[in-house]
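Here the structure comes first, spelled out in C-alpha cells, and everything after it is commentary.
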2 protein chains.
Amino acid sequence: MADTTNDAVPVDFRTEPARYRHWKLSLDGPVATLAMDVREDAGLRPGYELKLNSYDLGVDIELYDAVQRLRFEHPEVGAVIVTSGKERVFCAGANIRMLGQSSHGWKVNFCKFTNETRNAIEEASAESRQTYLCMVNGPCAGGGYELALATEWIVMADDANTAVSLPEVPLLAVLPGTGGLTRLVDKRRVRRDRADFFCTTEEGVKGKRAVEWGLVDEVVPRSRLLEAAQQRARALAAKSDRPRQAKGIVLGPLERTIDGDRIAYPHVTCVVDRRRGLAEITVAGPTTPPPADAAGVAAAGTAFWPLAVARALDDLILHLRTNEETIGLWVLRTTGESERVAAYDRVLLDHGADWLVREVRLYLKRTLKRLDVSSRSVFALIEPGSCFAGTLLELALAADRSYMLAGTLPDDDRPAPTVRLTGANFGAYPMINGLTRLASRFLGEPGRVDDLKGRIGQDLDAAAAAEAGLVTFAPDDIDWEDEVRLALEERAAFSPDALTGMEASLRFGGPETLETKIFGRLSAWQNWIFQRPNAVGPKGALQLYGSGERSDFDRRRV
Amino acid sequence: MADTTNDAVPVDFRTEPARYRHWKLSLDGPVATLAMDVREDAGLRPGYELKLNSYDLGVDIELYDAVQRLRFEHPEVGAVIVTSGKERVFCAGANIRMLGQSSHGWKVNFCKFTNETRNAIEEASAESRQTYLCMVNGPCAGGGYELALATEWIVMADDANTAVSLPEVPLLAVLPGTGGLTRLVDKRRVRRDRADFFCTTEEGVKGKRAVEWGLVDEVVPRSRLLEAAQQRARALAAKSDRPRQAKGIVLGPLERTIDGDRIAYPHVTCVVDRRRGLAEITVAGPTTPPPADAAGVAAAGTAFWPLAVARALDDLILHLRTNEETIGLWVLRTTGESERVAAYDRVLLDHGADWLVREVRLYLKRTLKRLDVSSRSVFALIEPGSCFAGTLLELALAADRSYMLAGTLPDDDRPAPTVRLTGANFGAYPMINGLTRLASRFLGEPGRVDDLKGRIGQDLDAAAAAEAGLVTFAPDDIDWEDEVRLALEERAAFSPDALTGMEASLRFGGPETLETKIFGRLSAWQNWIFQRPNAVGPKGALQLYGSGERSDFDRRRV
C-alpha cells in the first residue's frame, strides 16, 4: 500500500476561521451555524478529491478549531447547528480514496483525532452548555452520520433523497469507527437488531422509519427544515447558562517554534531524542501570581497560564502523534514552584462558575484526556526544581509510571523534589472513564482518595509520596540515574504495538463510558480490520472502492 | 506463516477423565484438586513440544471438561485447588511455538475458548459455589498466571524460584490476552502504574512484593504451601451451599454423528450449506412432559431435555467455530410445541434452588453466552411448526436479526408461528454484560421489559411479536421467501472481518463487566497485535522466540 501520507510535510493543527477552506461559521445571536462546504480540490494530501462533502484530516482540523473558538470566543452562543453548505448532500463521510492510500498509522491517528473532536462536541453540549444539533439537509452517510450522532438533536429533511446510513460494512468492509456503532446502541439506544439491519444497508433509512427506529429525532418537509432547526436551536440556547452579554477572548495564533528537534511554546518545551526514541517534555510552572478574579482571567486571555499550557500541550500532543510516529515514549518533567501552581488552581476552582474559567478547566480536562488516549508510553520524572502540584500533578498521575528522586543529587544544590495535591486533583479533570485519575489509581482502595483530601496543600517528599501511592518508584541518588536510564531504554525497546494494546488495557480500569467504549473497543476492532486483507489488501474493499472491481474476500471468520 | 493447524483433522471437544493426558483430578471430600501435568509429547497438533507445563488447545479442552464435570458429577465438592503436578514449574502459559505456527484464526479461536473457560471458572466460584483457588508451586508465567487470576484466592510459595509474571509484552510482543490485563486492574485492582511495571518485567514479581501489590493473596514457605492451600480450600468449601450428601449425575459420552455436512445430536441438528456459506441449525423442543421435581431431573440425568440441548449446542458451537471457519452465518430454527418448552422452563424456575437444576440453568446460560460471543452472524427464522418459547426464545433474542412469518405459507397446513415469553426470559440467562437479552434489547425503553412480564404465557403471532419488539421483521407469505433468501445471501457476501467487528460492537450495549471488557476490548487489541509484523512477521517476536535471533521492530507507534 502506498504510504505517502506520513512522509509529506508535517501536519500543522493550528488554523483560524480566516483560513478555513471547508467550513463556514455564521453567528446569529445565541445560535451559531457550522456549515460544511468542503472544497474538493483542497485535500490535505495529494491523491484524492474531497467529493460529496467527504472529509480528510484537514477538514477535521478546521472543525476542531471551530468548536474550540465557539467555546472561548462566543459566550453568547448557546446552540450550534451543524449542517451542510452544499445543495444536494449533507456529508459522505471520511474520504475513501484518502483512507485507501493512507498508511495504517495514518488511518488510526486520523480516526482518533476525529473521535476526540466528536467527543468534544458532546462535551460542549453537556458542559459548556453550547448544545450542538444537526440539520440533515441531504444524504448523510458514514462519518457524516457519525458527526450527526455526536449532536444532541438530529432533524432531517423528509424527502426521497435524504437518508442516514452507515454503509461502511457493506461498501468498504470496515466499521463505522468514529463512534457510530457505539453511539447507535449506547447513546441513541437503537435496538440491536435494527442497528444490525441499518449498518448492513447501503442505502440507509429515511423518513418516518428513521424516527421510529431512533436514528434521528425528527423529520420535516424540506421547506420547513431550516425553520425547524432554528426553532429548536433557539429553544436549546435559551436553556444555556452562558452569559449573553459577556465578551469572549480571542484565541490568537499559538506561538510555536520548531528548531531541529526542539519544539518550544510559551511554558512548554519538547526535545525529541531520536537515538533513544523518546521525547522529553517540560512544562514550566507560572512565574507570576494569578489574576485575582474572573475579570482578571478574561483580561489575561490566552496569556492566562493554565490556558497557555493547555493550548501548548494540546498542540504538542497532536504534533508528536502525527508527525513523530517513531517516538514511542514521552518523558514528562515540570519546572517551577508548586505554590504558584497551587495559586492558579485556586483561581480555577474558586471562580469555576465563571464561563471562561470553566472553559479553561474543560480545555485542560480535554488535553489531559488526549494524553491518556495517546498511543505513546508516558513516564513522569519528578526531580529537584519540579512543580508537580495540582493540575501539573495530573501529568504524573496520567503517566504509565513515575519516578521520584528521594533526596537530592550530588552537585545539585536544589532541594529534594516534592509533590503537592490541590483541590484540582479531586474532580476538575475526570478521565474518559468518568473517574478522577486518583480514583482510577485507587480503584482497589477507594478510601485512600478521601484520606488524600486531608493532605491537600502538603509538600510530600519522595518517601511520603510513595507511601501515599502517588508515585511508582522513589529511588535515591545512588540508584536514580541507572534506574531511570534503564527504564527508559527498556521501554523504548519493546514492541510499539504490544505497548499500545497493553496501555489501552491498563489505563482505564473501572467504569465504562461512551468514550472508553469508543477508544477501547470500537477503535480496537477497527484497527484490527484496518489490518485485514479483506479491507486493505490489494483485493480488499477499501482499495477497490470505485474501481468497479469486486472484492475477493477470504471467507474465514475470525 | 505456516497455516497447518486448521487443515488437520477436526478438533473434537468431547473428552472424559479416563482420556485426560494433561490434568489429574483428585477428590478429597469437599475439596477437589486439579493438577496440571502436561505431557510434552502430546500436543494436539504436530510441530511443538509442550514444555514447562505450557498448554495448547488440547490441554484446555481437558480443563474445560474437568470444570464441567466437577459441577455436575460432584455436588459434594465446594472448593477446587488448581495447581501444578510438576516439581519445578507451575505453568509457562500458552505454548509459544504452537502460537508461532498457528494461523491468525486459530490463535484467535484458541484465545476465545481459553477465555470462556476461565470465565466459567469464575462463574463456578460465584454461582455454582464451587470456589476455585490456586496453589502456585513454581514459576507461574503468562497464561499460567492468567489461570491463577481466574481463581478467587492465590497462594504462592515464598522461595527464590517462584514468581508470577506476565512476560508477553517484553518477550513475545503480544498481550496477556486471556484476561490477564483486565483482571489485573479490574478484578484484583492492582494500581495501574504497578501493573505497567509488572507487565513489562520478564522475571515477574515474587514474595512479599507480590502480596503488597495485590498480585497474589498470600505467600507461604514451600514447606507449608500444601497445608495452607488445603486449609483455605476447606474453609471456602465450608461456606458452599452445595449438598454434601447428594449424588451427582455422570456426563456420559455426548452422542453425535457427523455424516457429510450433516451433524446430529439428540434434539439438535445442523446442516452445513457450503455453497451459501451458512449452517442451518434446528433445535427440537421436548417431546415428553418434564419431570415433576428435582428428583425427577436427577433421575433423567443427561436425558433431561434442557441439559441435552445445552450439551449439544455447546459442542456444536465449538465444532462450527473451530472446524468450519468459512461458514459465517448460523441460521437458527426450532421445531416443536411451545407449551412443552414452557413446561420445562417452569421446572427450571420452580426448582431453581436445587443444585442440579441450578447447574442445568447455568449451563444453558453459558451456552447462550458462547453463542453471543461467537464471531458468526446469527439469524433466527421463526416459521410454522416452531417453538420459540422461553429458553428457546433466547436463541431468537441472541440472534443479530430475526424474521418471523406473518401467517401461513401456501401448501403448508401448519398454523401461523407464534412466540412465547416465559419466566426464563426475565433473569435466568444473563448475557456477559450482566443484563438479560430482553433488557439489552430495550436499553432505550426499559419499561418495555416490565410490560412484557405481563404477557408471559401468551402465544404472540407475528404482528404481536413485532409490535412487542421481539422480532426484527415479520414478512407475510408473499414476501417471506424472497426477503429471507436475500437477507441470507447478502449477509454471507459481506466481509467476514467487518461483520465480526460490527457484531462485537452492537451485541453488548449497556453496562460493561470483566467479561465484556475481556471479549470486547482486550481480545480486540490482542487480535490487532496478532496481525502486526512486530509480533507475527518473519522478524516478529512470536516467530523468533527461542531462536536466539533478535526481533527487528517497526518502531512506528500506532
Side-chain angles (χ1 to χ4, degrees), chain A residues 104-105 108 169-170 173-175 181-182 185-186 189 191-193 195-197 199-200 214 277 325-326 328 375-376 400-402 441 443-444 469 472 494-502 504-507 509 512 520-522 524-529 531-532 534-535 541 553 555-558, chain B residues 104-105 108 169-170 173-175 181-182 185-186 189 191-193 195-197 199-200 214 277 325-326 328 375-376 400-402 441 443-444 469 472 494-502 504-507 509 512 520-522 524-529 531-532 534-535 541 553 555-558:
Chain A
H104 184 63
V108 169
V169 169
V174 301
L175 299 185
L181 297 177
T182 307
V185 292
D186 271 311
R189 302 183 162 197
R191 234 171 63 197
R192 53 168 285 213
D193 56 337
D196 179 273
F197 178 81
C199 297
T200 52
E325 285 184 292
T326 60
S375 57
R376 298 294 190 277
D400 296 301
R401 226 187 266 180
S402 57
R441 192 172 184 83
L443 278 176
T472 318
F494 293 144
S495 161
D497 308 316
L499 288 174
T500 291
M502 182 187 89
S505 299
L506 295 180
R507 286 179 182 171
E512 298 270 333
R521 166 188 288 208
L522 182 60
W525 282 114
Q526 180 75 304
N527 295 356
W528 175 69
I529 290 165
Q531 286 277 289
R532 302 285 290 159
N534 286 342
F553 293 137
R555 301 243 56 102
R556 286 178 296 177
R557 259 289 192 136
V558 178
Chain B
H104 184 64
V108 170
V169 170
V174 300
L175 299 185
L181 296 177
T182 308
V185 292
D186 270 310
R189 302 186 162 195
R191 231 172 64 198
R192 53 167 285 212
D193 56 337
D196 178 272
F197 178 82
C199 296
T200 52
E325 285 184 292
T326 61
S375 57
R376 299 293 190 277
D400 296 302
R401 226 186 266 180
S402 58
R441 191 172 185 84
L443 277 177
T472 318
F494 293 143
S495 161
D497 309 315
L499 288 174
T500 292
M502 183 188 87
S505 299
L506 295 180
R507 287 178 180 171
E512 298 271 331
R521 167 187 287 210
L522 183 60
W525 282 113
Q526 180 75 303
N527 295 356
W528 175 69
I529 290 164
Q531 286 277 288
R532 303 284 291 159
N534 285 342
F553 293 137
R555 300 244 57 100
R556 285 178 296 176
R557 261 288 192 135
V558 178

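Since this is a predicted model, take the numbers as computed values, not measurements. Chain identifiers are assigned alphabetically (A, B, ...) following the order of the sequence lines, protein sequences preceding nucleic acid strands; residue numbering begins at 1 within each chain.
Note that CZ of Arg555(A) and OG of Ser495(B) are 7.5 Å apart. Values are rounded to the nearest 0.5 Å. Rounded to the nearest 0.5 angstrom, Asn527(B) CG and Gln531(A) CD are separated by 12.0 Å. The CG atom of Leu175(A) sits 9.0 Å away from atom CH2 of Trp528(A), with the distance rounded to the nearest 0.5 Å. With rounding to the nearest 0.5 Å, the separation of OG1 in Thr200(B) from CE in Met502(A) is 5.5 Å.
The shortest distance between side-chain heavy atoms of Arg557(A) and Leu499(B) falls below 4.5 Å.
For a residue to count as touching a neighbouring chain, one of its non-hydrogen atoms must lie under 4.5 Å from one of that chain's; by this rule Val174(B) touches chain A with the backbone only. For chain A, the nearby part of Asp186(B) is the side chain; its heavy atoms alone come within less than 4.5 Å. Contacts between Leu506(B) and chain A at a heavy-atom distance below 4.5 Å involve backbone atoms as well as side-chain atoms. For a residue to count as touching a neighbouring chain, one of its non-hydrogen atoms must lie under 4.5 Å from one of that chain's; by this rule Ala535(B) does not touch chain A. Of the atoms belonging to Leu181(B), heavy atoms from both backbone and side chain fall under 4.5 Å from chain A. The parts of Thr472(B) that come within reach of chain A are both its backbone and its side chain, each placing non-hydrogen atoms under 4.5 angstrom from that chain. For Ala504(A), the parts lying near chain B are the backbone and the side chain together; criterion is any non-hydrogen pair under 4.5 Å.
Of the listed residues (Gly469(A), Ser402(A), Pro170(A)), the greatest number of heavy-atom pairs within a distance under 4.5 Å of chain B belongs to Gly469(A). Ranked by heavy-atom pairs under 4.5 Å with chain B, the first of Val185(A), Thr500(A), Leu522(A) is Thr500(A). Heavy-atom pairs under 4.5 Å with chain A were tallied for Ala195(B), Gly520(B), Gly444(B), Ala173(B); the largest tally goes to Gly520(B). With respect to chain B, the highest number of heavy-atom pairs below 4.5 Å among Arg507(A), Arg376(A), Gln526(A) belongs to Arg376(A). Here Asp497(B) is the residue among Asn534(B), Thr326(B), Asp497(B), Thr182(B) with the most heavy-atom pairs under 4.5 Å with chain A.
By the ring pair (Phe, Tyr, Trp, His ring centres under 6.0 Å) test, Phe553(B) is found to be paired with no residue, residues two or more places apart in sequence or in another chain being considered. Under the rule for a salt bridge (charged side-chain N to carboxylate O under 4.0 Å, His left out), the partners of Arg441(A) that lie at least two apart in sequence or sit in another chain are Asp193(B).
In this structure, Glu512(B) pairs ionically with Arg521(A), as a charged nitrogen and a carboxylate oxygen lie closer than 4.0 Å.
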